[in-house]
Each structure stands twice: as C-alpha cells, then as structure tokens.
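Below is one structure, written out as structure tokens, with a few remarks after it.
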Protein chains: 2
Amino acid sequence: MKRSSRLSLALHALVHLHKQPDQAITSTTLATCLMTNPVVVRRVLGELREAGIVASTKGHDGGWRLLRPATDISLRTIYSAMGESLLIRTESDPGDRQCGIVRAVDTVMGEFIADAEALLAARLERVSLDDIARQAVPHPLPSHSGDHHHG
Amino acid sequence: MKRSSRLSLALHALVHLHKQPDQAITSTTLATCLMTNPVVVRRVLGELREAGIVASTKGHDGGWRLLRPATDISLRTIYSAMGESLLIRTESDPGDRQCGIVRAVDTVMGEFIADAEALLAARLERVSLDDIARQAVPHPLPSHSGDHHHG
DNA sequence: TTTTCATGTAACTTTATTAGTTACATTCAT
DNA sequence: ATGAATGTAACTAATAAAGTTACATGAAAA
C-alpha cells in the first residue's frame with residue numbers, strides 16, 4: 001500500500017474476515033492480502049476491536065474475527081471507530097490566530113467542516129460491510145448450464 | 001503557516017484584497033499578513049486569477065486585486081478554482097487493484113467520495129467571501145464617545 | 001532607455017505526516 | 001516449556017506540502 005486511507009485498509013481487512021467466518025485470520029495473513037505489514041494491520045484492527053467490531057486472540061490459532069454480522073456493520077460505524085477524518089485539517093496555527101481575519105476564516109471553515117462531517121457520516125451510514133462484500137463477488141455468474149428456470 | 005489548507009490561505013488573502021479595494025496588494029505584503037511566503041501567495045492566487053476571481057499586474061504599483069464583489073464570490077467558486085480537494089484520497093495502488101476486494105472497496109469509496117464532493121460543494125455555495133469578511137470585523141463597535149445619535 | 005519593482009516559474013530544501021520495519025514483551029494452546 | 005500469535009514502542013523510509021532561492025519577464029517611472 002502506497003497511499004490510501006486507513007478506512008479503505010480496514011474495509012479490505014473486514015471483508016476478508018467476513019468471507020472466512022469459521023476461523024481466525026492472523027495479522028500476517030491479512031498483511032499479505034492487503035499488501036502491507038502485520039503491524040499496520042494490528043494498528044488498524046486494534047481500533048476496531050475497541051469498538052467491538054472485531055476480536056483478537058493471542059497464541060496458537062489466534063488472529064482476528066468479525067464479531068457482528070456484516071449487514072449490521074455500517075461504514076459509519078467503522079469510520080467512527082477509527083480516529084481518522086476523511087476531511088483535511090483546516091485550522092491555522094495558534095500564532096496566526098491573532099489575526100482577526102484568520103479567526104474568521106477558521107470559524108467559518110470550522111462550521112463547514114462540522115457540517116460536512118455530519119453529511120459524510122449520514123452517507124456512510126447507508127453502506128454496510130455486506131454491501132461491499134457482495135460487490136466483491138458481483139453476481140454468482142448465471143451459469144449457462146444452469147439452475148435458472150425458463151417460463 | 002504550518003499546516004492548514006490552501007483554501008483557508010486563499011480565503012485569508014481574498015479578505016485582505018476585499019478590505020482594500022482601492023489599490024493592488026503585492027504578494028510580499030500579503031505574505032506578511034498570511035505569515036507565509038510570496039511564492040506561496042502567487043501559487044494560490046495564480047489559480048484564482050485563471051478563474052477570473054482576481055487579477056495581477058506586474059511592475060510599479062503592481063500586485064493583486066479582487067475582480068468581483070465579495071457578495072458574488074462563493075466559497076464554492078473559490079474551492080473549484082483551486083485544484084485541491086477537502087477530502088482525502090482513497091484510491092488504492094494500481095497493483096493492489098488486482099484483488100477483487102480492493103476493487104470493490106475502491107468502487108464503493110469512489111461513489112461515496114463523488115457524492116461527498118457534491119455535498120461539500122453545495123454547502124460551500126451557501127457561504128460568500130463577504131460572509132467571512134463581515135465576520136472578521138463583527139460589528140463596527142458602537143463607540144461611546146461617538147457619532148451615534150440619540151433619539 | 002535605463003532603473004526599479006512587481007509577477008511568473010522552475011528547481012531545490014525543509015518539514016510534517018504516514019506507512020513500514022524491527023525488536024521484544026506478553027499471552028495462550030499444546 | 002515451547003511455539004505461535006498479538007501488543008506496542010521506537011525507529012526508518014516514503015510522500016506530500018510548504019518554504020526558499022534564483023532568475024526571467026513585464027510594466028511604470030525617472
């Protein structure tokens with residue numbers, strides 16, 4: 001992974017966990033899937049564990065599991081569980097805020113960012129982990145020699 | 001300036017131009033106000049010039065001017081004039097996209113980001129440069145020894 | 001027309017953030 | 001006990017953004 005968001009990374013990991021519910025997956029295995037590093041996986045999933053989305057177990061046959069059905073996990077839940085924001089930061093240095101104009105800009109932008117966060121959260125609420133997982137294997141291709149019925 | 005957005009920087013500069021409509025302001029003067037560097041000012045205002053928001057003149061008494069009334073300049077106009085996005089980038093490496101899950105995540109996130117950009121733009125449309133300028137000098141303080149008339 | 005003051009811009013350096021890495025303590029099943 | 005996993009601190013590397021330097025260009029004024 002060169003540069004994407006931690007949210008994307010988390011989603012990728014969660015889809016893997018969702019697709020293999022029967023056994024725990026190790027950070028190392030996930031890291032291979034995500035083309036990244038086990039420590040990065042632990043850092044990201046660690047935040048999701050604190051939110052009760054996943055669980056980790058140490059020792060033999062340890063690893064990560066999904067704790068809830070994918071249909072019940074919205075992207076908003078995941079997003080909220082992680083510290084990060086999808087919006088860039090716009091606050092000025094404390095020093096610069098001696099200028100009245102800087103404070104005015106910061107105020108207006110701050111209100112905007114707060115509104116924007118709410119809008120983004122509402123939009124993320126409408127997508128579940130399951131939505132992504134189903135898209136990953138689009139339609140179990142309608143086979144020609146198949147189980148579809150005519151008439 | 002340590003770390004804020006280019007949009008904030010642009011707004012700050014534009015408020016200064018708005019407050020001094022009678023003469024052009026040089027990049028160097030603006031840089032002092034913005035606690036930054038003349039070249040950075042030129043880079044940012046250069047984009048706004050291409051959008052017809054400001055004009056620059058070279059040579060003696062040269063500098064920057066606002067071309068339109070502040071009430072007619074929405075934050076969306078300014079935002080659109082600048083290349084930047086307020087949302088962080090979420091696309092994965094081309095290499096990672098061989099994985100179907102990565103593609104699914106990218107697709108969903110891409111749709112989300114597109115929607116989000118539209119939401120942000122609509123929200124920015126509702127704020128004008130003048131709104132910020134007026135907030136910067138809240139109410140011309142009613143002076144005690146003053147020019148206000150009684151009864 | 002020469003001087004001066006401004007922008008325009010390329011190239012480089014610095015700084016901040018993020019990911020990646022290494023190392024090792026901890027925990028748990030065997 | 002041993003082996004396999006997480007937890008985490010500390011460090012390194014890569015990236016992006018701002019800052020800086022240098023100089024060409026253009027316009028007004030002396």
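- Connection of A:M82 to A:L30 is established within a shared hydrophobic cluster, with ILVMFWY side chains joined at heavy-atom distances below 4.5 Å, either directly or through further cluster members.
- To the nearest angstrom, C1' of D:dA18 lies 16 Å from CG of B:L7.
- For the pair B:L34 CG and D:dG19 P, the computed distance is 10 Å after rounding to whole Å.
- Distance, B:R6 CZ to D:dA18 C1': 11 Å, rounded to whole Å.
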Tell me which donor-acceptor pairs under 3.5 Å the side chains of residues 54-63 of chain B have, and how far apart each pair is, sequence neighbours excluded?
residue	atom	partner	partner atom	Å
B:S56	OG	B:R49	NH1	3.0
B:T57	OG1	B:G63	N	3.4

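- Here B:T26 does not reach the OP1 or OP2 of C:dA6: none of its side-chain N or O atoms lies under 4.0 Å away.
- Judged as a ring-ring contact (aromatic ring centres under 6.0 Å, His included), not a single pair has a partner in residues 94-123 of chain A (not counting sequence neighbours).
- Across the protein-nucleic acid pair, A:R89 atom CZ and D:dA17 atom P stand 15 Å apart, rounded to whole Å.
- In this model, the phosphate group of C:dT21 is approached by a side-chain N or O of A:N37 to a distance below 4.0 Å at OP1 or OP2.
- The salt bridge (Lys or Arg N to Asp or Glu O under 4.0 Å) contacts involving residues 72-81 of chain A comprise A:R76-A:E125, where partners must be two or more places apart or lie in separate chains.
- Of all nucleotides listed (C:dG20, C:dT9, C:dT7), C:dT9 comes nearest to the side chain of B:V39.
- Distance B:M82 CE to D:dA18 P: 9 Å, rounded to the nearest Å.
- Between the CD atom of A:E84 and the P atom of C:dA19 there is a distance of 8 Å, given to the nearest Å.
- Partners of B:R126 by side-chain contact (heavy atoms from CB on, under 4.5 Å), not counting sequence neighbours, listed by chain and number: B:R123.
- In terms of hydrophobic clustering, with Ile, Leu, Val, Met, Phe, Trp and Tyr side chains grouped at heavy-atom distances under 4.5 Å, A:L67 and A:V41 are assigned to different clusters.
- Straight-line distance from the CD atom of B:Q23 to the P atom of C:dC5: 16 Å, rounded to whole Å.
- In this structure, A:I88 atom CD1 and D:dA16 atom P are separated by 15 Å, rounded to whole Å.
- Listed by residue number, the members of residues 43-58 of chain A with any heavy atom below 4.0 angstrom from DNA chain C are A:R43, A:K58.
- OP1 and OP2 of D:dG7 both lie 4.0 Å or more from every side-chain N or O belonging to A:R42.
- Among residue pairs with one or both ends in residues 7-42 of chain A, those qualifying as ring-ring contact (aromatic ring centres under 6.0 Å, His included) are A:H12-A:H16; sequence neighbours excluded.
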